[in-house]
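All remarks here apply to the structure that follows.
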Amino acid sequence: MTLFAEVILSLPLDKNFLYIVPDSQKDLVRVGSRVLVPFKERKRTGIVIKLKQRGVPKGLKLKEIHAVLDKTPLISTDFLSFTKKLSAYYYSSWGELLQASLPPSFVPKTRTTLSLTDKGQKALDEETLSDRERDVLLFLKKRPYSDVFLKRKLKMTSLSLILSQLESKEFIHVKKEVKTESLERKRPLRLEPTQLEMDFSLDEDSYQAANRIVTHWDGKTFLSYYLFGPSEKREAVYFYLIKRALTLRKKVLYLVPEIAATRSLIEKFQKRFGEHAALLHSRMSTRTREEEWSRIHSAQVDIVVGPRSAVLSPAEDLGLVIVDEEQDESYLQRENPSYDARRGAYFRAKQDRAILVYGSSAPTVESYHEFGKRHCLFNIWSGSSKTHAEIVSHRIERGLLSPRIIARLRKAIQEKKPVLIFHFRRGYASYITCSRCSYTPRCRDCDIALTYHRRDDRLVCHYCGHSLRKIYDCPECGHKIIKKRGLGIEAVEEEVKRRFPQIRVLGFDSDVAKRPKDQEKLVDLFQKNKIDILVGTQLLAHQQELSKVSLVVVLYPETVLVLSDYRASQKTFQSIIQAAKHLSHDENSELLIQTAFPDHFSIRSAAHLDYVGFHTQEIKFRRLMNYPPFTHMVEVLFQGDNLRSLAKQTRDFSSLLKEHSKDVEILGPALAAVPRLRGKNRVQIILKSKKRQDLDEALKQTLRKVRANKKILVYY
DNA sequence: CCGGTCGTTGTG
DNA sequence: ACAACGACCGGT
């Protein structure tokens with residue numbers, strides 16, 4: 001009897017591939033093993049998801065598995081089932097998701113190296129080549145290159161054709177090789193038991209919450225909760241629950257926003273849990289990541305801490321899954337394979353029958369609604385500070401900073417108190433424009449006005465990063481370009497310096513401090529009172545270790561509000577709350593919000609730190625407009641060079657959707673919010689439906705029939 | 001007629 | 001995704 005294996009490969013396809021298991025490999029291969037398989041003249045690594053002896057379609061010339069890479073299955077059936085559910089929910093490819101869960105070196109594939117032969121060398125002298133062949137050979141004259149690099153560098157269409165011709169003429173040598181490294185490179189484990197430094201001083205309501213969770217926790221039932229309260233109190237409850245999980249000998253998964261993957265968090269965990277904890281984050285070296293992965297996989301650690309991708313970590317037997325700062329959008333992966341780690345955490349916890357705990361001081365409207373309805377939401381706000389807040393109505397035409405703000409700044413400076421100013425807009429001006437003909441420089445690839453950055457005197461596209469030197473004369477009419485509109489953080493910094501030349505002001509944004517290390521440095525300077533006023537963007541608001549101040553100024557939070565996004569109000573509210581978090585708890589601390597929309601409910605309720613008030617209003621709007629959580633919402637984004645063919649593609653897609661739809665609202669096709677990005681046009685279709693099942697049905701049927709360059713984003 | 005581009009199709 | 005294949009296109 002022949003044995004066959006269904007193998008899943010990292011391709012953007014909803015498809016498995018069938019291979020013959022050669023007799024020599026029969027005893028080795030298992031479901032969950034990595035296998036090296038021939039695929040289109042190359043070798044790729046796949047995961048075995050099924051082994052069978054029958055049910056093989058006839059007339060298919062199957063290939064044999066080349067090698068089994070694992071002595072024992074690398075991926076458990078639980079993990080397979082979890083990733084499958086996640087990929088189905090987000091219309092992502094299962095194979096790509098599985099690949100994303102593994103360190104890159106664990107997924108070897110054929111690498112092609114091209115080099116010039118002696119014969120090719122001669123051919124170069126004899127001039128019997130086409131222009132393109134010549135270009136390729138000249139490039140390879142320097143040194144051998146990989147085909148991928150050559151393709152990027154030469155930007156030639158049908159390069160593969162040229163290469164195969166050159167190869168058959170023996171002008172180049174093609175070397176194909178697969179590097180399979182051994183996985184046995186584990187860091188030796190320090191076995192000394194760590195003295196866990198844990199302080200469980202829970203106040204009354206935190207204790208109530210923790211206690212209720214623990215009472216219903218039997219180690220074999222999936223249950224989920226929401227902790228609504230300030231971060232310090234949430235953390236105390238988390239640690240209480242972590243201890244509980246550890247006594248039950250269960251593992252813990254602790255998700256934090258991307259931005260929080262800082263040294264301080266790492267230190268906190270290593271101090272508390274020592275070698276029990278593994279940390280994952282995006283800026284880790286490949287080597288460290290492999291080591292941490294192996295430690296988690298071999299159950300050497302009890303707690304895994306990391307950003308969204310940590311939901312794909314190989315921890316087994318989870319007892320507790322924590323998602324802190326649940327409102328944070330960095331949990332949503334927008335690139336393929338797209339997924340939302342928040343719902344990922346749900347699938348994961350359910351799979352392992354673990355306890356799932358979300359937490360935030362400003363929850364998403366969706367979660368607050370859902371958990372409130374189920375009575376699984378704990379409000380642990382009691383005893384929190386009474387901040388004095390003030391909304392200053394001000395139109396920017398009358399100057400960037402209102403007189404009232406300036407007066408407060410002056411007072412703080414006199415009292416030698418540090419101040420934090422937030423303005424959620426990078427650069428000096430979001431666009432510049434000619435005062436005569438209104439010409440505005442735009443990105444050549446993205447259809448977006450270029451932002452002026454004064455620090456390096458350049459115009460920058462905030463979508464693709466393309467930049468050019470500032471232009472002073474209008475290319476249309478020759479007039480001087482002078483108007484600067486949509487003033488950003490650099491303008492605020494300049495204004496503060498101009499008003500208060502004697503004090504130390506510093507900007508804090510991704511342009512000043514891109515790397516976490518530089519951010520830490522600036523935070524440290526502020527900590528040591530070497531800076532009087534920090535002017536920052538969202539990046540500053542997210543800094544965990546910033547010392548508390550008695551004056552926080554938020555400028556024009558409506559910059560977030562104007563986004564054409566159904567979550568704009570929520571984002572506005574949340575960004576103010578983020579900023580207000582840096583206020584000290586004493587009586588005199590003050591939050592000032594300067595805005596041109598003083599009556600907008602998201603700004604009003606944020607000023608009073610009144611989440612419930614905000615939620616009550618926002619949920620009405622969501623219900624009225626059929627937005628999540630009252631509907632499930634999916635965005636299908638099409639990208640292409642040619643707008644006309646895009647239009648046809650999307651119209652066809654839309655009419656197919658309509659054919660298969662039952663109770664699905666279809667919006668569009670319409671130009672996406674960013675109509676052009678990196679030289680590609682973008683058109684989107686939005687789907688909304690009360691029942692996820694209806695939406696699923698329509699989309700699945702349509703996708704079966706259509707193949708186009710598109711990206712699917714599931715919002716809820 | 002050929003070299004090159006573009007869209008479609010299959011990958012086991 | 002990527003490569004292979006066939007239709008089309010524009011210069012000669």
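Each chain gets a letter, A, B and so on, in the order its sequence line appears, and its residues count up from 1. Hydrogens, waters and symmetry mates are skipped; everything else that's a heavy atom, side chains included, is used.
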Once rounded to the nearest 0.5 Å, what's the spacing between atom CZ of A/Arg34 and atom CG of A/Leu74?
5.5 Å
Axial cation check for A/Tyr716 ring with A/Arg343, 6.0 Å and 45° limits
yes
Between A/Phe638 and A/Phe653, does the ring centroid distance fall short of 6.0 Å?
yes
Please determine whether a side-chain nitrogen of the Lys or Arg among A/Asp352 and A/Arg348 lies less than 4.0 Å from a carboxylate oxygen of the Asp or Glu.
no
Mind checking whether A/Tyr627 and A/Tyr566 have parallel, tilted or perpendicular rings, split at 30° and 60°?
parallel
According to side chain to side chain donor-acceptor pair (under 3.5 Å), does anything in residues 4-21 of chain A pair up with another residue at least two apart or in another chain? List the pairs.
A/Glu6-A/Asn16, A/Glu6-A/Lys52, A/Ser10-A/Gln99
Taking only residues at least two apart or on different chains, which pairs with a member in residues 459-469 of chain A satisfy side chain to side chain donor-acceptor pair (under 3.5 Å)?
A/Arg444-A/His466, A/His453-A/His462, A/Arg458-A/Ser467
Rounded to whole Å, CG of A/Asn709 lies from C1' of C/dC2 at a distance of 13 Å
Taking side-chain hydrogen bond (donor to acceptor under 3.5 Å, both in side chains) as the definition, give me every residue that meets it alongside A/Thr77, ordered by chain and number, with sequence neighbours left out.
none
Hey, does the Lys NZ or Arg CZ of A/Arg342 hover above the aromatic six-ring of A/Tyr331, less than 6.0 Å from the centre and inside 45° of the axis?
no
Which residues in residues 85-104 of chain A have a heavy atom closer than 4.0 Å to any atom of DNA chain C?
none
Treat primed atoms plus P, OP1 and OP2 as sugar-phosphate and everything else as base, then score nucleotides 7-12 of chain B 5' to 3': B for base contact with protein heavy atoms under 4.0 Å, S for sugar-phosphate contact only, - for none.
--BBBB
Using nucleotides 6-9 of chain C, report all nitrogen or oxygen pairs with the protein that are shorter than 3.5 Å.
none

